[in-house]
> 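To start, I am sharing the structure in question, which I have written as structure tokens.
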Amino acid sequence: MSQIYDRVALIGLGLIASSMYWACKRDGLVGEVTGYAKSTETRDTARRIGLCDRVCDTIEEAVKDADLVVLCVPVGVMGDVAAQIAPHLKAGATVSDVGSVKRFVIDVVTPQLPAEVHFVPAHPLAGTEHSGPESGFAELFDNRWCLLVTDDQTDRTAADTLKSFWIAMGSNVEEMDADHHDLVLSVTSHTPHLIAYTMVGVADDLRRVSESEVIKYSASGFRDFTRIAASDPTMWRDVFLSNKDATLEILGRFTEELFALQRAIRQGDGAHLHDYFTRTRAIRRGIIEAGQDTDAPDFGRGAS
Ligand code: NAP
């Protein structure tokens with residue numbers, strides 16, 4: 001595959017940035033990738049494992065002359081980081097991000113950026129429960145969606161180039177508006193994470209009375225919840241604080257459904273339960289048919 005950008009700067013060197021770097025390298029998509037993270041420890045780790053062509057000690061140095069700057073930091077610091085890079089951006093550069101929430105990021109980043117750069121927000125729908133510079137891998141985005149947020153103000157050349165970059169890193173790309181993105185992601189990712197955190201929290205309380213049996217006999221349903229609930233606390237705190245309205249809307253609907261199931265159990269309404277579970281099973285089949293998971297019994301994640 002041919003080179004898409006001469007110079008890309010990755011700000012934040014965690015799971016997403018490191019996966020982007022390895023995916024770029026796999027196919028020679030960028031001339032030079034520079035990287036910057038807040039802590040010396042992360043920058044040292046990046047240098048040790050060869051993450052980025054050049055790891056910079058200042059954010060200015062990292063973004064200097066970059067054609068594309070990607071903010072790969074937690075949603076809560078996107079605005080501050082945009083303010084730091086703003087005076088050092090090349091005219092005509094594209095700025096993007098990978099934040100899990102879009103309206104909030106657009107609201108805090110846009111006012112910071114100079115008029116002569118193009119902001120094209122993005123969100124790769126790919127991740128694991130691991131974080132940090134050593135957690136990335138080149139295949140993370142393969143056959144996963146990456147959503148670009150565009151509107152009639154978007155610079156088409158910048159958006160189309162970014163789109164070809166994500167396609168070259170393995171993603172399928174679609175464009176969406178920010179509010180729709182935040183509602184859809186609240187259903188498919190944010191609220192399920194909150195439910196997993198809650199379930200594991202309940203089990204943890206119970207563990208104290210059942211003397212570790214919850215851990216010892218943990219069955220696959222609970223294990224899947226614990227995997228999700230092991231996700232990075234900073235990232236997920238920021239997601240809920242910045243996608244408040246959509247999360248509360250979906251949680252409200254969730255609570256209503258839960259009450260309906262609770263009533264069906266209390267009243268012994270087996271038909272209700274059976275119909276409900278038949279409907280949800282079809283959704284799982286749809287996800288497998290869309291190629292977004294395998295039908296291996298452990299959700300394709302292996303025994304680990
Ligand atoms: P991560 O592994 O925790 O890495 C975050 C990186 O950001 C770290 O290198 C951290 O540096 C750096 N950072 C934090 N504050 C900074 C600052 N003020 N200036 C410069 N660097 C800073 O995070 P991630 O999982 O890659 O997530 C990054 C973004 O992608 C988030 O916005 C998240 O919402 C989004 N996202 C995540 C997933 C997922 O499943 N993980 C999926 C899609 C999108 P230090 O190590 O030095 O603190």
Side-chain angles (χ1 to χ4, degrees), residues 9-23 34-49 51-52 55-63 69-86 88 95-106 108-109 112 121-137 140-142 144-149 166 169-171 173 178 181-182 184-186 188-190 192-193 196-197 227-243 247 292 301:
L10 300 174
I11 307 302
L13 294 173
L15 169 71
I16 300 297
S18 56
S19 298
M20 288 178 75
Y21 177 72
W22 301 123
T34 55
Y36 171 80
K38 188 180 49 168
S39 69
T40 316
E41 189 190 348
T42 297
R43 297 197 299 268
D44 286 347
T45 304
R47 288 188 182 106
R48 177 173 53 76
I49 64 173
L51 171 62
C52 292
V55 176
C56 303
D57 282 324
T58 66
I59 205 164
E60 297 93 287
E61 197 189 335
V63 303
V69 177
V70 190
L71 308 181
C72 306
V73 297
V75 166
V77 297
M78 291 277 183
D80 289 348
V81 172
Q84 288 172 44
I85 62 170
H88 311 287
V95 173
S96 187
D97 75 296
V98 294
S100 305
V101 175
K102 300 282 44 122
R103 173 58 61 201
F104 176 88
V105 170
I106 291 167
V108 295
V109 169
Q112 307 295 341
H123 179 201
L125 306 190
T128 72
E129 68 277 28
H130 302 295
S131 49
E134 296 182 271
S135 57
F137 52 98
L140 180 66
F141 309 114
D142 286 350
R144 296 281 167 245
W145 287 100
C146 180
L147 302 177
L148 300 193
V149 174
W166 277 105
M169 286 192 291
S171 291
V173 177
H181 166 279
D182 289 354
V184 170
L185 265 292
S186 176
T188 59
S189 170
H190 306 169
H193 270 80
Y197 280 123
R227 187 188 63 79
I228 298 170
S231 300
D232 187 69
T234 304
M235 169 183 161
W236 286 97
R237 176 201 62 196
D238 288 1
V239 165
F240 294 118
L241 294 182
S242 61
N243 196 17
T247 305
Q292 294 300 303
R301 283 190 290 273

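Order of appearance sets the numbers: ligands from 1, and atoms from 1 within every ligand. Owing to the predicted nature of the structure, the values given are computational and were not obtained by experimental measurement.
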> Where is the nearest protein heavy atom to atom 22 (C) of ligand 1: which residue, which atom, and how far?
Val73 CG1, 3.5 Å
> Answer yes if a protein heavy atom lies under 4.0 Å from atom 37 (C) of ligand 1, otherwise answer no.
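Yes; the ligand atom in question has protein heavy-atom contact below 4.0 Å.
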> Among Val81, Val105, Val98, which residue meets the side-chain contact (heavy atoms from CB on, under 4.5 Å) test with Leu71?
Val81
> By number and element, which atoms of ligand 1 are closer than 4.0 Å to a non-hydrogen atom of Thr128?
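The list of qualifying atoms is 40 (O).
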> For ligand 1, indicate whether the residue Lys38 contacts it via side chain, backbone, both or neither (heavy-atom separation under 4.0 Å).
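Contact part for Lys38 vs ligand 1: both backbone and side chain.
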> Using a 4.0 Å heavy-atom cut-off, which part of Ile16 comes near ligand 1: side chain, backbone, both, or neither?
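Under 4.0 Å from ligand 1, Ile16 contributes backbone and side-chain atoms.
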> Name all residues meeting the ring-ring contact (aromatic ring centres under 6.0 Å, His included) criterion together with Phe141; count only those two or more places apart in sequence or in a different chain, and write none if there are none.
Trp166
> Check the angle between the aromatic planes of His193 and Trp236 and answer parallel, tilted or perpendicular using the 30° and 60° thresholds.
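His193 vs Trp236 ring planes: parallel.
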> N/O of Thr42 under 3.5 Å from N/O of ligand 1, yes or no?
yes
> Would you say Ser135's side chain and Gly132's backbone share a donor-acceptor pair under 3.5 angstrom?
yes
> State the CE-CG distance between Met20 and Leu140, to the nearest 0.5 angstrom.
10.5 Å
> For Glu60, look at atom CD and say whether over 12 heavy atoms of other residues, nucleotides or ligands are found less than 6.0 Å away.
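Count over threshold, so yes.
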> Which heavy atom of the protein is the closest neighbour of atom 42 (C) of ligand 1, given with residue, atom name and distance?
Ala126 O, 3.0 Å
> Hey, could you give me the NZ/CD1 distance between Lys102 and Ile106, rounded to the nearest 0.5 Å?
7.0 Å
> Which of the numbered atoms in ligand 1 are under 4.0 angstrom from any heavy atom belonging to Gly99?
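Listed by number with element, the hits are 32 (O).
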> Looking only at heavy atoms, is any part of Met78 under 4.0 Å from ligand 1, and if so is it the side chain, the backbone, or both, or is it neither?
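The side chain, only.
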> Output the list of atoms in ligand 1 that are nearer than 4.0 Å to some heavy atom of Pro124, sorted by atom number.
43 (C)
> Which residue from Gly14, Ala122, Cys146, Gly12 reaches closest to atom 4 (O) of ligand 1 through any of its heavy atoms?
Gly14
> Which is it for Pro74 and ligand 1 at heavy atoms under 4.0 Å: side chain, backbone, both or neither?
both
> Please work out whether any backbone atom (N, CA, C, O) or any side-chain heavy atom from C-beta onward of Glu41 is under 4.0 Å from ligand 1, and answer side chain, backbone, both or neither.
neither
> Can any side-chain N or O of Asp182 pair as donor or acceptor with the backbone N or O of Arg103 at less than 3.5 Å?
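Yes, Asp182 side chain to Arg103 backbone: donor-acceptor pair under 3.5 Å.
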> Looking at Tyr36, which atoms of ligand 1 are within less than 4.0 Å of one of its heavy atoms?
20 (C)
> If you measure from CD on Glu134 to CZ on Arg48, what distance do you get to the nearest 0.5 Å?
4.5 Å
> Do me a favour and list the nearest non-hydrogen protein atom to atom 25 (O) of ligand 1 with residue, atom name and distance?
Leu15 CB, 3.8 Å
> If you count the atoms of ligand 1 from 1 in the order shown, which ones are under 4.0 Å from a heavy atom of Leu13?
6 (C), 8 (C), 9 (O)
> In ligand 1, which numbered atoms sit nearer than 4.0 Å to a non-hydrogen atom of Ser131?
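Those qualifying, in numeric order: 1 (P), 2 (O), 3 (O).
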> I need the Tyr36 OH to Cys52 SG distance, nearest 0.5 Å.
13.5 Å
> Can you name the atoms of ligand 1, numbered from 1 with element, that are less than 4.0 Å from a heavy atom of Ser39?
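Result: 45 (P), 46 (O), 47 (O).
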> Identify the two heavy atoms, one from Phe240 and one from Thr247, that lie closest to each other, and give their separation to 0.1 Å.
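Residues Phe240 and Thr247, closest heavy atoms: CD2-CG2, 3.8 Å.
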> Where is the nearest protein heavy atom to atom 40 (O) of ligand 1: which residue, which atom, and how far?
Gly127 CA, 3.3 Å
> Looking only at protein heavy atoms, identify the closest one to atom 19 (N) of ligand 1 and say how far it is in Å.
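Result for atom 19 (N) of ligand 1: Val81 CG2, 3.8 Å.
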> Looking only at protein heavy atoms, which one is nearest to atom 33 (C) of ligand 1, and how far off is it?
Ser100 OG, 3.5 Å
> Tell me whether Val239 has any N or O atom under 3.5 angstrom from an N or O of ligand 1.
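No; the residue has no nitrogen or oxygen that sits under 3.5 Å from a nitrogen or oxygen of the ligand.
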> How far is atom 44 (C) of ligand 1 from its nearest protein heavy atom, and which residue and atom name does that atom have?
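Answer, as residue, atom name and distance: Val98 O, 3.1 Å.
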> Could you state the interatomic distance from CE (Met169) to OG (Ser19), rounded to the nearest 0.5 Å?
10.0 Å
> Considering only heavy atoms from C-beta outward, does the side chain of Leu241 approach that of Val75 to under 4.5 Å?
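SC-SC contact between Leu241 and Val75 ruled out.
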> Working to the nearest 0.5 angstrom, can you tell me the gap between Thr34 OG1 and Ile11 CD1?
6.5 Å
> Heavy atoms only, cut-off 4.0 Å: how does Cys72 contact ligand 1, side chain, backbone, both, or neither?
backbone
> Is there a heavy atom in Asp80 that sits closer than 4.0 Å to ligand 1?
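Per 4.0 Å heavy-atom rule, Asp80 does not contact ligand 1.
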> I'd like to check His190 versus Leu185 (side-chain heavy atoms, cut-off strictly below 4.5 Å). Are they in contact?
yes
> List every atom of ligand 1 that sits less than 4.0 Å from any heavy atom of Val77, numbering the atoms from 1 in the order shown and giving each element.
15 (N)
